[in-house]
Structures are given as C-alpha cells and as structure tokens.
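Data block below; observations after.
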Amino acid sequence: MTQPLELQELIAEMEARRRRVAEGGGPERQKKQREGGKLTARERLDALLDPGSFLELGTFAQHQGGRLMQGVEAPGEGVVTGRGTVHGRQVFVFSQDFTVLGGSLGKMHAAKIAKVMDLAARTGCPVIGLNDSAGARIQEGVDSLSGYGEIFYRNAVYSGAVPQISAILGPCAGGAVYSPALTDFILMSGGSSYMFITGPEVIKSVTREEVTFDALGGADVHTRKSGVAHLSYDGDAAVLAGVRDLLSYLPQNAREQPPVVPTIDPAERRNDRLLEIVTPDQRRPYAMHEVVRELVDDGTFLEIQPHWARNILCGFARLGGHSVGIVANNPRVMAGTLNIDASDKAARFIRTCDCYNVPVLTLVDVTGFLPGVAQEHAGIIRHGAKMLYAYAEATVPKVTLITRKSYGGAYLAMNSRDMGADAVYAWPTAAVAVMGAEGAANIVYRRDIQNAENPEATRARKIAEYKDAFDNPYVAAGKGYIDDVIAVEDTRRVLIRTFEMLRDKQETRPYKKHGNMPL
Ligand code: HXC
C-alpha cells in the first residue's frame, strides 16, 4: 500500500535521524575505536544479546545545553540503552559510546541509564552495563556529578533485588568506576580497559609517581592485586560471552530461582578419580580445583576472582542441573589458610549467592587463619568476621563437606554446623580439632615432654594420643557436628540428594532494617 507523500517524508526524516544517531561520533572515531581492538557500542550489544532481540529506548535523547555545550553534538547522548534477551531471558542494557565525547556522562546520558535501571527493577530483570567512559562530562559541571549520583543511588537501592553486571571495555575514569564498583560483578577486557579514580597525569602532579594506564588500573591489576574486578578476558567479544555465561547461573531477580540446565552427567556418577587426588597424608597438598570439577555437572566450574586471594576458591557450577555456589579452601596456596583477602572474597561471594537464591557448597581443608603481625594489624579480626557474618546471615541451602583438616576458628568460618550449615559431611580423611596434633601436643603436654626421660618418644606418644582423640571425623560426628562420614567416591550422589532435600528450605529471621555487617 503506498503511503501519502507527507507520511513518507516524515518516516524518511525519522530514519535519517536514526542513522545519524547510530553513527555515534562518526566513522573516523569508530575507526579509531576498532584500531584500539575494541568493538563499537552497538556491535557490543549485538555480541551480548540474542540476535534480533534488542529494543532501543531513548534513541533521540539530546544533551540539555549549558554554556560549554553550545553547538556540541552528542548523538544518542553517548550511550545506547534498551532491553534485549540473553538465553531467551529479558535483560536491560546500556552501552556507552566512547566515540561521542569519550562516552562522558552528562545529565541526559545519566537519565537514559537511570531509566533502564528503573525498568529492570520494576520488571525484575538483570541490568548489564557496558562501560567505556571518560567519567563526568567536564562541560556539564555539577549536572554530570548529579547524573552519577542518580546512578549510584539506583545501584545501591536495586542491589540484591536484580543482578547487576558491569563489563569494563575501555578507559573508565572517575565516576565511571564507582557505579561498576556498586554492582555484583565486574568483568574487564585485558589490554583495552582500565579503571582508576584519578589517572596517571593527576597522580604525577600530586604524588610525583609515574605510572602507565595498564600498571595503574589494567585488568591484571584489578583481577590479581586489588580484587576490584572479578574476571578478565581477551577482548570485548570474550567479555560479552563471559557475561552471558555468568547470567546462566543467576535468576532474573531475588524472588526467582536460577534456571535449571539439564545435563546428561548422571547424578549417581561415582567419583573414583578423587581417590587418586586426595590422600590421607595431611601434609600433601592436592588440587582443590580438580576435586570441584570432578564433583560438578560436566566438570564445568566458573571460578570467580580466580587470580586474587587464591588461597580460597569461589565460583559457580551445577549439581544435577541446579546452580550452586562453591567456596573451597585451596591447600596449594598458603596451605589454604584464611587471610584478609580470602575472607573478603568469600564473604562477598556468599552474600552474592544468598541475594540470588544460589545454594552454597563449602569444601573445607583449612588449618586456620593466617598468623602474623601484618595480618593482625591490617584487621584480620574485622575481615574474618565478615565471613562468619556472611555464612550465618545466608538463608539459602548450605552444605559443608570436610575433606581433610578443619581446625580452630577456620572450622567455624567455613560454615560449620553451628554457623548454620543445613548438612555437614566429612570424608574418612577428615580431621576436626582446635589445632593440628603436633601443635596441640606441644602446648598441652609441654611439661610432660620437657620432664620426660626421652622427650622425643614422649612427644610422639602424646601426638598419637591427641590424633586418636581428635584427628578424625568421628568425634565430631559422634557429637552431631557432622551428619555423616561418606565414601569419597559417593560424594556427587550424596551432594545432589542433599541439595534436592533442601530445595524448599524456608528460613525466617527476626525483624530488622538490615544487619550491621562488619566492613
Ligand atoms: C568530556 C571528554 C572527557 C570528559 C575525554 N573527553 N574526557 N569530554 N568530559 N571527562 C573527550 C575528549 O575531548 C575527546 O573528544 C574524546 O573524549 C576522547 O578523548 P581522548 O583524550 O582523545 O581519548 P584517549 O586518548 O583515549 O584518553 C581517554 C582518557 C582521557 C584517558 C579517558 O580522555 C582522560 O583522561 N579524560 C579525562 C578523565 C577525567 O578526568 N574524567 C573526569 C573524572 S572526575 P574528541 O572530540 O576529540 O573526540 C569524575 C567525577 C565524578 O568523574 C566522581 C564521582 C565519584
């Protein structure tokens, strides 16, 4: 059907305007963006979302003027916003366009982001931010600061209501880093993304330190040293695939359960391989990663913060098709002891699981909190307390398996029965005690050993006595602290049945505004 000429003209004008917006900062700047190994804002959305699912909102937004913005063009206000689907489930997205004024954030740019965040909260869907921004738009002054305020406020208010995921895909400076820091996960692209509060120039002028962008806030720094970011990948496309993968373990919102992903990996599969990995020799470290992969569906484990605080492992997997968050000591790094960073990492992960109804499996092989003046002075008491708090606070199903050592305060911090575990299992190799037999014998029987005719023989006898008394799982099992001592090769079957048993778990807590977690 032919349309009257006037309508055709109007449609043509609309299409021309839309094309202009889609060009962003123009072909030259887009070329520069690609030369830097980056995708454009719209190409990123194509890579993230299911094909054809994107619905754009706020397309024709314009900046609100101001003296320094006279005559400045900012197509789309430097950010593409809307909704789409990932694995068929709705998500809201914003993708900052560095080709438009460096992706800097002005008042309308912020309003577009706030709009999709509000829609996500109202409809109960995740928000994904693709960040590539030079921070507050300098020309807009206090209005751009206000814009950040609107976003930070929503990041905090919607925290725990809907998952919020940040991909860092360019140089994110100033305010551009605090919004991601308030979200659940940060994924960075190595080599082309940076996060810092103040850049190398400002640092040089204030402290005289000279530092490159990469050494200041590159993906390596934030995934290995600072713990600010959770994951890093090679290039934009890999980051966006990572976001899709991460979403597959999470529900749409705090009222829903994570999606079930059917598997052909049998629930009854025996774990004979574990018999080769774990030995009763308490001093021989083994790869906890291999234990995790052997137990979970298809050997698939998405480790979170794999390069930071490596003495503890945190990550998502599935058991019988259901999402599970795994926290495990890593006997290969610092003998798996808990220190400040490990406590922070685990506490944050446990709380994330609890927000989004992901049950927690804890695998324990720990001799204690790391002793040392540096740790004490840096506040291991305050940080370790976060872990105790996070486990006790979590109401999702919580299952603990003690593989070998579980000593002292760390026994409690790794989700013991008294800290709220719904089920606690141990392998026959487990040992639950206040401390290792040698340390215990040296303290408790010091006088007997010193005064003995043959101190070494006495020491050996006392150690054996202590081992008999505590260095096994049966004393704790006898007192009800352990529900069962299980065959190593039966572990997957037992865990799947136990989480099945706990699926409808309900737990209520006394009224409060919110707890006062140690920070
Ligand atoms: C407006 C900006 C801008 C800004 C860059 N541009 N930063 N426009 N506001 N903050 C513009 C440039 O003029 C340029 O425009 C384009 O973006 C690309 O910038 P380049 O410098 O050419 O790019 P590059 O060399 O890649 O360097 C990127 C950069 C650098 C490292 C991000 O631009 C930079 O340091 N910018 C300033 C960062 C900053 O200090 N932001 C304010 C933080 S304070 P043309 O037209 O040439 O393409 C803040 C306060 C909030 O955010 C705090 C809340 C807690």
Side-chain angles (χ1 to χ4, degrees), residues 20 23-41 61-79 94-114 129-156 166 168-183 186 188-189 191-207 209-219 221-222 228 236:
R20 178 67 207 93
E23 275 171 9
E28 271 310 302
R29 290 194 185 89
Q30 291 197 350
K31 187 165 160 255
K32 195 173 161 205
Q33 174 94 350
R34 291 199 187 91
E35 281 166 1
K38 305 198 299 184
L39 299 174
T40 65
Q62 300 216 351
H63 65 74
Q64 299 299 290
R67 204 153 57 86
L68 300 179
M69 287 299 283
Q70 297 292 321
V72 176
E73 221 202 333
E77 250 303 86
V79 62
F94 65 88
S95 179
Q96 293 179 310
D97 187 348
F98 193 80
T99 69
V100 177
L101 301 175
S104 60
L105 183 135
K107 187 73 181 171
M108 279 307 288
H109 179 124
K112 282 181 73 170
I113 294 175
L130 310 185
N131 296 269
D132 191 355
S133 168
R137 186 175 294 159
I138 294 163
Q139 299 90 318
E140 292 197 31
V142 68
D143 275 347
S144 55
L145 297 182
S146 153
Y148 270 124
E150 286 181 41
I151 295 171
F152 299 166
Y153 180 79
R154 284 168 174 77
N155 285 137
S166 301
I168 309 294
L169 303 170
C172 289
V177 296
Y178 271 128
S179 169
L182 289 164
T183 64
I186 295 180
M188 293 183 76
S189 110
S192 55
S193 77
Y194 317 103
M195 295 177 78
F196 43 75
I197 301 289
T198 53
E201 282 304 315
V202 177
I203 290 182
K204 192 173 166 193
S205 69
V206 176
T207 69
E209 290 166 295
E210 295 205 22
V211 66
T212 62
F213 281 86
D214 218 22
L216 180 63
V221 168
H222 288 310
V228 164
D236 291 6

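All heavy atoms count here, side chains included; hydrogens, waters and symmetry mates do not. In listed order, ligands and their atoms are each counted from 1.
Atom 4 (C) of ligand 1 is approached by the protein to below 4.0 angstrom, counting heavy atoms only. There is a protein heavy atom less than 4.0 angstrom from atom 51 (C) of ligand 1. When distances from atom 39 (C) of ligand 1 to the protein are checked, a heavy atom turns up under 4.0 Å. Inside a 4.0 Å radius of atom 20 (P) of ligand 1 there is not any protein heavy atom. By the definition of a contact as any protein heavy atom under 4.0 Å away, atom 25 (O) of ligand 1 is not in contact. In this structure, atom 30 (C) of ligand 1 has no protein heavy-atom contact shorter than 4.0 Å. Protein heavy atoms are found inside the 4.0 Å sphere centred on atom 9 (N) of ligand 1. Remark: atom 45 (P) of ligand 1 lies closer than 4.0 Å to at least one protein heavy atom.
Among all non-hydrogen protein atoms, the one lying nearest atom 1 (C) of ligand 1 is Q139 OE1, 3.1 Å. Of all protein heavy atoms, the one closest to atom 2 (C) of ligand 1 is L101 O, 3.7 Å. For atom 22 (O) of ligand 1, the closest heavy atom belonging to the protein is K32 NZ, 4.2 Å.
Polar contact with ligand 1: present for G175 (N/O pair, distance under 3.5 Å). For ligand 1, one of its N or O atoms has an N or O atom of A136 under 3.5 Å away. Residue-to-ligand polar distances keep G174 apart from ligand 1: every N/O pair is separated by 3.5 Å or more. On a distance-only criterion, F98 and ligand 1 share no N/O pair closer than 3.5 Å. In terms of N/O distances under 3.5 Å, ligand 1 is approached by G102.
Neither the backbone nor the side chain of V202 has any atom closer than 4.0 Å to an atom of ligand 1 (non-hydrogen atoms only). Within the 4.0 Å heavy-atom criterion, the part of S104 lying near ligand 1 is the side chain and not the backbone. Contacts between R29 and ligand 1, counted as non-hydrogen atom pairs separated by less than 4.0 Å, involve the side chain only.
Using a non-hydrogen distance threshold of 4.0 Å, Y194 does not register as a contact of ligand 1.
Side chain of H222 to main chain of V228: no donor-acceptor pair is present (N/O by atom type, distance under 3.5 Å, no hydrogens or angles). The closest donor-acceptor contact from the side chain of R137 to the backbone of S104 lies under 3.5 Å. Between the side chain of D214 and the backbone N or O of T212, no donor-acceptor pair lies under 3.5 Å. Checked by atom type and distance alone, the side chain of S133 pairs as donor or acceptor with a backbone atom of G103 at under 3.5 Å. When atom types are taken as modelled, the side chain of E140 and the backbone of I138 share no donor-acceptor pair closer than 3.5 angstrom.
Set against the non-hydrogen atoms of L145, the atoms of ligand 1 under 4.0 Å away are 50 (C), 51 (C). For ligand 1, the atoms lying closer than 4.0 Å to a non-hydrogen atom of A134 are 3 (C), 5 (C), 7 (N), 10 (N), 32 (C), 38 (C), 39 (C), 41 (N), 42 (C). Here is the list of ligand 1 atoms found below 4.0 Å of a heavy atom in R137: 1 (C), 9 (N). Using a 4.0 Å cut-off to heavy atoms of F213, the atoms of ligand 1 that qualify are 31 (C).
Two residues are said to be in side-chain contact when any heavy atoms from C-beta on lie closer than 4.5 Å; S193 and L169 fail this criterion. Between I197 and V177, the closest side-chain pair of non-hydrogen atoms falls below 4.5 Å. With contacts defined as side-chain heavy-atom distances shorter than 4.5 Å, the pair T183/N155 qualifies. The shortest distance between side-chain heavy atoms of E77 and Q62 does not fall below 4.5 Å. In this structure, Y194 and C172 have side chains that are not in contact, with every pair of non-hydrogen atoms separated by 4.5 Å or more. A heavy-atom distance below 4.5 Å is found between the side chains of V72 and L101.
A donor-acceptor contact closer than 3.5 angstrom links the side chains of D132 and Q33. Residues K107 and S144 bring no donor and acceptor atom of their side chains to less than 3.5 Å of each other.
Relative to the six-membered ring of F98, K38 meets both conditions, a distance below 6.0 Å and an angle of at most 45° to the axis.
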